[in-house]
Structure formats: C-alpha cells, structure tokens
2 protein chains.
Amino acid sequence: MSARRTASHNGRTVDRAAAAPPLVINRFPAYLARRFQQICAAMVTESLAGEGITQLQLAVIACLDTVPGIDQRRLAETIGIVPVNAGQIVDELEARGLVERRTNGADRRARELRLTPQGLKLRRRLRPHNLATNQRILAPLKPNEQELLIDLLVRVIEGNAVYARPGAGRRKRGSRQSIGESTATRT
Amino acid sequence: MSARRTASHNGRTVDRAAAAPPLVINRFPAYLARRFQQICAAMVTESLAGEGITQLQLAVIACLDTVPGIDQRRLAETIGIVPVNAGQIVDELEARGLVERRTNGADRRARELRLTPQGLKLRRRLRPHNLATNQRILAPLKPNEQELLIDLLVRVIEGNAVYARPGAGRRKRGSRQSIGESTATRT
DNA sequence: TATTGTTATACTCTATAACTATA
DNA sequence: TATAGTTATAGAGTATAACAATA
C-alpha cells in the first residue's frame, strides 16, 4: 500500500536507521483518525502539563469563555460529550474555583455556567499556549496546506454530523465476552 | 453550515432551522481530531455491529493478514496500542478461534501470530465492508479531495510520529483530584 | 409528562507493576 | 541484564439508571 521503507519491521539485524517501524501502515481514514487523535491528545496534554488541566477541561473553559451562561446540556452537546460527564467536569472546575454555577432565573432547572475571574485569568494565560500547540500540530504542512486540511476535516465532520456523538465507538454493556467463559483457557 | 435536520431531537416544537447547535465550533486541529475520531469510531462500530468484532480487533486481524507471523510487541507498535493490550485482544481473538499463537522456534520468548483459516475467512468477508465504510467516511468530499485529505493526514502523522503513542493523552495516575477533597462540596 | 441536572453505579478501556520464561 | 509475554490490579473515562427539582 504505502511502501515507505525498505527495511523490515520485524527487525532482526536492523543495525541502522529505519529501525523505527513504519508509523503509518495504511491509508484508511479510520486508522488515520485514531493516530491523528493520539498525536493531538499527546501534544495538548504535554502542553498542559503542570497546569493540572485536561484537554476536556480546557475545552469547557474555552466554551464558557465563548458562550458565557451556557447550560450544561448545551455545553455537553457543543464539545461532544455526554451531559453527565459535562457535569463532572464542571464539578472539578467549580471545586477549583474556575467555574461558577448559577441557577437560571427564567428556568430554575438550568444552571448558567460562567468562568470566575480566576477562571478567566487562567483562560487568558493558557490561550496563547493552546494556540501555539495547535499550530505546532500542523507544522509538518505548509500554511496553505494547513488551512486546506482544516477545511477538509470540517467538511467531513459536518457531512457526518449524525455520527459525531460520544461513546458511539464502544462496546455495548455486557457485549464484551469475558474470555475464559469460552473454549480456550490458557495454560 | 450543515442544516442537518429541522426537527429537534428533544422534540419540543422547534419550528425553525438552526435548532441544532453548530457541530464544528472551532478550527483547532485538536478539536477536529477528536470529532473526526468520534465519527470514524461510530461508523466503523456500526458497520461491525452483529459481528461481535471491535475496531481494534479488526485492526489486529488486518495486521495479521498483512504481516503473518508478527509478534505481539511489534503488532502493538504497529497499530498504536500497548503490548499488554495487544495480548488481551489476541486472547479474545484466540478464544474465538480466529487467531493462533505459535512459539517462535528461533526465539522461544516470542509468539508468532497468525490468522486461523476461520480468521482468514472472516477477514475476507469483512474486508469489503470495511473498505466501503472507510470510503463512506470521506463521502462528503470529492475523490481528489479525499486523496488530498489522506495525504495531508499522513504527513501530519509522520511528522509528529514522536507523539503517536498510546495513552499519552491521559491523566497520570493519581493526578486526578477527587473532588470533595477540595473546598467546594455541593449541597 | 417532559426536561435539567445530580447521584449512584458499573462497565469498558488501557496503563503500570510485578512476575515468568527465555535470551 | 535485557526482552517477550502474562497476570494482577487499578485508575481514567464514560455510559446507564434512578432520582429530584422544576417546567
């Protein structure tokens, strides 16, 4: 398929460069998506090291900066997680004094979420870092290619919006067959 | 942007468009990567429904078809997971009679992994489905754009190969602060 | 009755550590 | 000592269900 390297990757007597196995082994979107996501998560996490903030927490903070007063359900939908999970993340951020929950006056079921001054301060400080990290991800490409990649990704995502929901890529409960129940148990 | 549906999904007389929140809220690669991965996982999982096979199991099967006799560590490295995890997946597939472990004669520590005839048969049957699914993912794009997207992704992934390792995007053990230990406990 | 959010719980995924066998 | 693999364990992520408050 790709034929990138000459060296073998079962690597006996690989005494020179090209010792590293081929990273990209096929050109399937699903595979590339997983690798791409791995890379992005790793780079973002690295850039947030020491801040004690996760990627999703950052996403929430960014969202509250953009849409102050948003409620939890909409927050969840916006960043692509389940509402329960959004509640938990907000819990964490609230416990750290970064986010504030207010009861919506008009609809007392809903919680208006806002950054506290402290949260806003953190947001301001982290923003350039985050921007730089995201640019660094695309560094292997030329500027016009970077824009192109983003455009194409956006179109694929919006074109498949129906599938862009959390948890759809997991096994259903109980569908996992506990090995050992089956035939072969290892000795 | 996408105008996916006019109807609401919480079914409360939403009589106009723009009821659905915008799916793509920013153009940050890290965000797009997560959404793109969500979509791919969802579509692949859907296409495998009923087979009782997960995306990673399929990846292992595909890899063993391409590189028969590969050992577990290299398998893990190839598809981007940790060796322990590879062992577990192979466990599952072995229990179902799809994969076979042989002790390597030259190095008796290593296990040569191969598809069983049954595994190969499954692979042959699933392959066209998988191909179609991956094409369907890119359906929103024109053919030449599809190739372009793949090329760009490959380059970004290979350019950031250092970061393409499993688990790099998670919290370290114990770094998660159990809320409730902190100040604000909810009432 | 429907919706927002919370609490409780449990399952899946996947990493770390310790161990065995082999080199 | 170093490497391939396994077993054990546990933590992170995230779903489901039941509930409370409000609409």
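Just so it is clear: chains get the letters A, B, ... in the order the sequence lines come, proteins before strands, and each one is counted from 1. On a predicted model such as this, the values are computed, not experimentally measured, just so you know.
Salt-bridge check for A:Asp91 with A:Arg101: passed, with a basic side-chain N closer than 4.0 Å to an acidic carboxylate O. Salt bridge A:Glu51/A:Arg125: present, at least one basic N to carboxylate O contact under 4.0 Å. A salt bridge links B:Arg109 with B:Asp107; the closest basic N to acidic carboxylate O contact falls under 4.0 Å.
Between B:Arg73 and the phosphate of D:dA4, there is a side-chain N or O to OP1/OP2 separation shorter than 4.0 Å. In terms of phosphate contacts, B:Gln72 brings a side-chain nitrogen or oxygen within less than 4.0 Å of OP1 or OP2 of D:dT6. For the pair B:Arg101 and D:dT6, the criterion of a side-chain N or O lying under 4.0 Å from OP1 or OP2 is met.
A:Val44 places none of its side-chain heavy atoms less than 4.5 Å from the side chain of B:Tyr31.
Nucleic acid contact for A:Ala106: sugar-phosphate only, since backbone atoms but no base atoms lie under 4.0 Å from a heavy atom of the residue. Using a 4.0 Å heavy-atom criterion, one finds that B:Ile81 contacts no nucleic acid atom at all. Counting non-hydrogen atoms under 4.0 angstrom, B:Pro83 reaches nothing in the nucleic acid. Here A:Asp71 lies in heavy-atom contact (under 4.0 Å) with sugar-phosphate atoms only.
Taking the nucleotide of DNA chain D with the nearest heavy atom to each of B:Ala110 and A:Pro166, the more 5' of the two is matched to B:Ala110. Each of A:Asn85 and A:Asp107 has a nearest nucleotide on DNA chain D; the 5'-most of these lies closest to A:Asn85.
Distance from the side chain of B:Val84 is smallest to D:dA8 among C:dG5, D:dT14, D:dA8.
Distance, A:Gln55 CD to D:dG13 C1': 13 Å, rounded to whole Å. Rounded to a whole Å, the CZ atom of B:Arg111 is 18 Å from the P atom of D:dT3. The separation between A:Asp91 atom CG and D:dG13 atom P is 15 Å, rounded to whole Å. The interatomic distance linking A:Arg165 (CZ) with D:dG13 (P) rounds to 22 Å, in whole Å. Rounding to whole angstrom units, CZ of residue B:Arg74 and C1' of D:dT3 are separated by 11 Å. Taking atom CD of residue B:Gln88 and atom C1' of nucleotide C:dT12, one finds them 11 Å apart after rounding to whole Å. As a whole-Å value, the separation of B:Leu75 CG from D:dA4 P is 13 Å. Look at CD1 on B:Ile89: it is 9 Å from P on C:dC13, rounded to the nearest Å.
In terms of polar N and O atoms assigned as donor or acceptor, the side chain of A:Arg108 never comes within less than 3.5 Å of the base of D:dT22 in a complementary pairing. Donor-acceptor pairing under 3.5 Å, judged by distance alone, is absent between the side chain of A:Arg171 and the base of C:dT12.
Around CZ of A:Arg127, the count of heavy atoms belonging to other residues, nucleotides or ligands within 6.0 Å does not exceed 12.
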